[in-house]
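Scroll down for the structure; my scribbles are underneath it.
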Amino acid sequence: MTIELIRNIGVVAHIDAGKTTVTERLLFHAGELHKVGEVHDGAAEMDWMELERERGITITAAATALSWRDHDIHLIDTPGHVDFTMEVERSLRVLDGAVVVFSAVDGVEPQSETVWRQADKFHVPRIAFVNKMDRIGADFEAVLEQMRKQLHANPAAVQLPMGAEDEFNGVIDLVTLRGYRLAGDLEQSSEPMELDARWLEAARQARQQLIETIADVDEDLAELYLADQEPSNDQLAQALRRACRARQVVPVFCGAALRNKGVDLLLDGIIGYLPSPEDLPPLKGTVPGGSGEIITLKAGEKEPVCALLFKVAMDEGRRLVYLRVFSGCITPGMEMYNPRLNAKERIARLFIMHSHKRQRVDKAGPGSIVAATGLRYTTTGDTLCSEDTPVLLEDIQAYEPVMSLALELGSSSDSDKLELSLSKLADEDPTVLVRVDEETGQTLISGMGELHLEILVERLRREFNLSVTVGRPQVVFRETVSKVAEEKSVVERKLKDAELYGEACCRVAPRQRGKGMKFVCAVEAESGTPQAVIDAAMEGIKGGAMSGPDGHPLTDATVTLLSVGYKDLPEMLAGVQAAGSAAARKAIAAADPVRLEPIMSLEVVAPDEDVGSVIGDLQSRRGLIQDVGWRGHMRLVKAQAPLANMFGYSTALRSLSHGRATFTMHFHIFDRMA
């Protein structure tokens with residue numbers, strides 16, 4: 001398969017927009033599935049985990065591959081729930097394009113905005129599929145308008161829906177002005193149909209709008225438009241392809257995936273408008289070692305090999321890693337170099353994945369997304385390359401967990417098994433943190449939310465056969481400083497076999513919320529102080545500034561090393577490092593440290609008659625109401641509230657609204673809540 005015939009795409013959406021159903025239909029039309037499994041029946045091919053099928057949600061990103069019109073499409077179906085947003089993040093890091101699924105009834109929802117921002121972060125071109133056009137309340141134009149206002153996108157409708165709700169039974173391709181009847185039969189593809197005068201006139205007007213949208217961003221089409229020349233179908237398609245791949249427009253399709261309406265036309269759009277690996281700008285990496293020198297990677301088989309490990313999974317207890325190959329070729333038995341570890345690892349076997357099923361392959365070329373066995377130490381975000389041409393790609397940053405659970409074992413003899421099981425889960429998911437409370441001896445797991453932790457506990461019970469009980473969820477706090485402070489520390493100790501001496505002075509200052517920690521060295525090597533002494537002092541202040549006085553991790557502060565003193569002793573560096581650590585702790589204590597708590601963003605959709613009760617309840621939870629508007633015929637309440645006050649909110653909201661209200665909640669920032 002030549003590289004221009006490859007498409008690497010992800011399917012992303014808010015939960016319940018129909019993302020996995022769309023993926024199932026894509027696989028069916030491509031001949032990869034001979035029987036369609038439904039999400040609501042717990043039989044979807046891509047939701048292969050038992051927990052996914054029980055709950056009807058996607059928990060882990062699943063990769064598959066399919067062929068359509070002589071193209072190879074590598075596809076990743078991602079979760080829609082905010083607790084598993086890291087799965088979306090690391091998938092988009094290695095994809096060349098995305099299909100964003102919107103509900104025609106609900107439009108742009110909170111997680112839709114999150115995945116859109118993630119796609120922006122990695123400069124991923126995308127097309128949109130407005131699903132559920134057959135549902136009551138479906139409104140194609142309203143979704144386009146929400147995309148403009150809420151996502152600041154430039155949607156270009158390439159299809160005109162013929163009807164909506166129970167009258168939705170066709171679409172018109174605005175590039176070719178060809179109508180298609182959507183029968184809704186799984187065994188049938190969309191059928192071309194003749195357009196009557198009414199639909200033909202509506203299609204011409206919509207096509208003119210499409211031309212104007214693209215002409216605003218494409219010079220070639222703009223020239224034709226200004227010369228009052230009608231572009232040919234091919235000229236319009238080429239201009240739309242260029243604009244999509246440059247992320248200047250978002251081609252928008254529509255359909256009803258559950259009824260199999262419009263999915264084959266979406267497949268045509270994927271290969272027609274989304275880019276191949278060859279269409280994208282060359283990937284850039286850096287030379288390992290900290291020099292910052294940039295290396296440009298071309299997507300060619302004869303180029304030096306370079307791949308990124310973006311996901312780790314445990315398959316029947318064995319470690320399986322997912323790789324995106326950017327350049328060169330990988331084969332089983334090949335020795336790969338990991339510049340982060342400065343070590344080599346050997347690839348044992350390579351597979352194309354079809355959800356949880358493996359298809360063994362003998363080679364993975366540029367543009368491939370494959371799974372491999374044999375890599376024991378390489379983990380999420382690591383680069384694999386040739387030792388002769390080392391390169392370091394941008395890492396995948398994990399989100400900070402915001403909630404913890406205490407675990408207790410039914411049998412103390414299982415403690416070693418618990419430790420091993422948790423290490424495997426943490427290896428799979430970078431947002432899982434595990435630690436032991438020094439005071440209570442309890443094992444604590446931290447994650448992104450209640451559902452995330454609930455799933456982790458269930459996996460411990462089912463996959464690892466551990467009898468565990470859990471305590472009440474606990475909020476993960478942070479600490480920061482509220483003013484500038486400077487402190488000096490002198491460490492002078494005489495031990496049995498050595499003498500320690502060191503001096504250090506440092507300053508701490510608050511930073512803007514969400515900016516994290518920054519460490520600065522104001523001591524210059526030219527001052528006569530050896531660089532090794534300066535480095536030891538910096539290591540000391542970094543260690544001393546890991547946490548605040550209450551033991552919570554420190555954040556949003558700048559720590560500056562102002563001066564360092566030393567004596568020429570055998571343990572010189574240890575003394576200086578101890579002084580740096582002590583100086584940092586003293587300065588933090590003097591800078592009025594404060595505790596920060598996780599603040600969540602909420603969107604509550606409720607009937608108009610219940611909105612007063614909803615607002616009152618949120619305010620009683622220290623919630624800050626930001627906006628009250630409308631979403632269709634329901635009221636939309638946007639708010640921020642501390643996580644500590646939101647436990648059990650789903651039950652309370654059901655009671656307040658007689659089960660008619662829904663809500664979404666995701667982490668916003670660590671801050672002080674009034």
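The analysis underlying the following values was restricted to heavy atoms, covering all of them including side chains, and did not include hydrogens, waters or symmetry mates.
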Are [X] and [Y] close enough for a salt bridge, meaning some N to O gap below 4.0 Å?
X	Y	answer
Lys261	Asp134	no
Arg622	Glu597	yes
Arg511	Asp556	no

Is [Y] close to [X] at the side-chain level, that is, under 4.5 Å between some pair of heavy atoms?
X	Y	result
Phe667	Met600	yes
Phe477	Leu596	no
Arg513	Thr480	yes
Thr380	Asp395	no
Val250	Leu151	no
Arg319	Met314	yes
Phe464	Lys424	yes
Ser446	Met403	no

Taking [X] for the side chain and [Y] for the main chain, is one N or O donor matched with an acceptor at less than 3.5 Å?
X	Y	answer
Arg324	Val94	yes
Ser404	Leu444	no
Gln146	Val108	yes
Arg635	Pro607	no

Closest approach of [X] to [Y] (non-hydrogen atoms, all atoms of both residues):
X	Y	answer
Glu87	Ala61	OE1-N, 2.8 Å
Ala104	Lys132	CB-O, 3.7 Å
Phe670	Val476	CE2-O, 3.1 Å
Ile588	Ala545	CD1-CA, 3.7 Å
Ala313	Glu428	CA-CG, 3.8 Å
Leu656	Asp610	O-OD1, 3.8 Å

Rounded to the nearest 0.5 Å, how far apart are [atom1] of [X] and [atom2] of [Y]?
X	Y	atom1	atom2	result
Ser421	Leu466	OG	CG	4.5 Å
Thr664	Lys638	OG1	NZ	10.0 Å
Arg259	Asn131	CZ	CG	11.0 Å
Leu624	Leu618	CG	CG	10.5 Å
Asp16	Ser103	CG	OG	9.0 Å
Lys311	Ile76	NZ	CD1	9.0 Å

Counting only heavy atoms from other residues, nucleotides and ligands, does the tally under 6.0 Å from [atom1] of [X] exceed 12?
X	atom1	value
Glu145	CD	yes
Leu420	CG	yes
Gln626	CD	yes
Arg135	CZ	no

**Prompt:** Taking the six-membered ring for Trp, are the ring centroids of Phe102 and Phe129 within less than 6.0 Å of each other?
**Reply:**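 Between Phe129 and Phe102, which both carry aromatic rings, the centre distance is not below 6.0 Å.
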**Item:** Geometric cation-pi criterion, Arg93 with Phe310: 6.0 Å, 45°
**Value:**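 No.
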**Message:** Going by side chain to side chain donor-acceptor pair (under 3.5 Å), name the pairs with one or both residues in residues 539-552, residues two or more places apart or in two chains.
**Reply:**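 Passing the test, one end in residues 539-552: no pairs.
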**Item:** Residues Phe84, Asp429; criterion side chain to side chain contact (heavy atoms under 4.5 Å, CB included); working and verdict
**Value:** CA-CA 9 Å; Phe84 309 107; Asp429 187 346; 5.6 Å; no
**Item:** side chain to side chain contact (heavy atoms under 4.5 Å, CB included) evaluation trace for Leu643 with Ile599
**Value:** CA-CA 6 Å; Leu643 176 60; Ile599 307 301; over 6 Å; no
**Prompt:** Should Asp139 and Val105 be marked as a side chain to side chain contact (heavy atoms under 4.5 Å, CB included) after you check the CA-CA gap, both sets of side-chain angles, and the distance that decides it?
**Reply:** CA-CA 6 Å; Asp139 191 333; Val105 179; over 6 Å; no
**Asked** Going by atom types alone, do Ser112 and Gln150 pair a side-chain donor with an acceptor below 3.5 Å?
**Response** no
**Counterpart residues, salt bridge (Lys or Arg N to Asp or Glu O under 4.0 Å), relative to Lys121 (two or more places apart)** =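 Partners of Lys121 under the salt bridge (Lys or Arg N to Asp or Glu O under 4.0 Å) test: Glu89.
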**Request:** Take Val468 and Arg461, measure what side chain to side chain contact (heavy atoms under 4.5 Å, CB included) needs, and give me the verdict at the end.
**Result:** CA-CA 7 Å; Val468 292; Arg461 290 170 177 159; 3.8 Å; yes
**Asked** Name the one of Gln111, Glu113, Glu109 that satisfies side chain to side chain contact (heavy atoms under 4.5 Å, CB included) with Glu603?
**Response**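 Checked Gln111, Glu113, Glu109 against Glu603; only one passes side chain to side chain contact (heavy atoms under 4.5 Å, CB included): Glu113.
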**Message:** Applying side-chain hydrogen bond (donor to acceptor under 3.5 Å, both in side chains) to Arg25 and Thr21, what does each step give before you reach the verdict?
**Reply:** CA-CA 6 Å; Arg25 299 302 186 267; Thr21 302; 5.6 Å; no
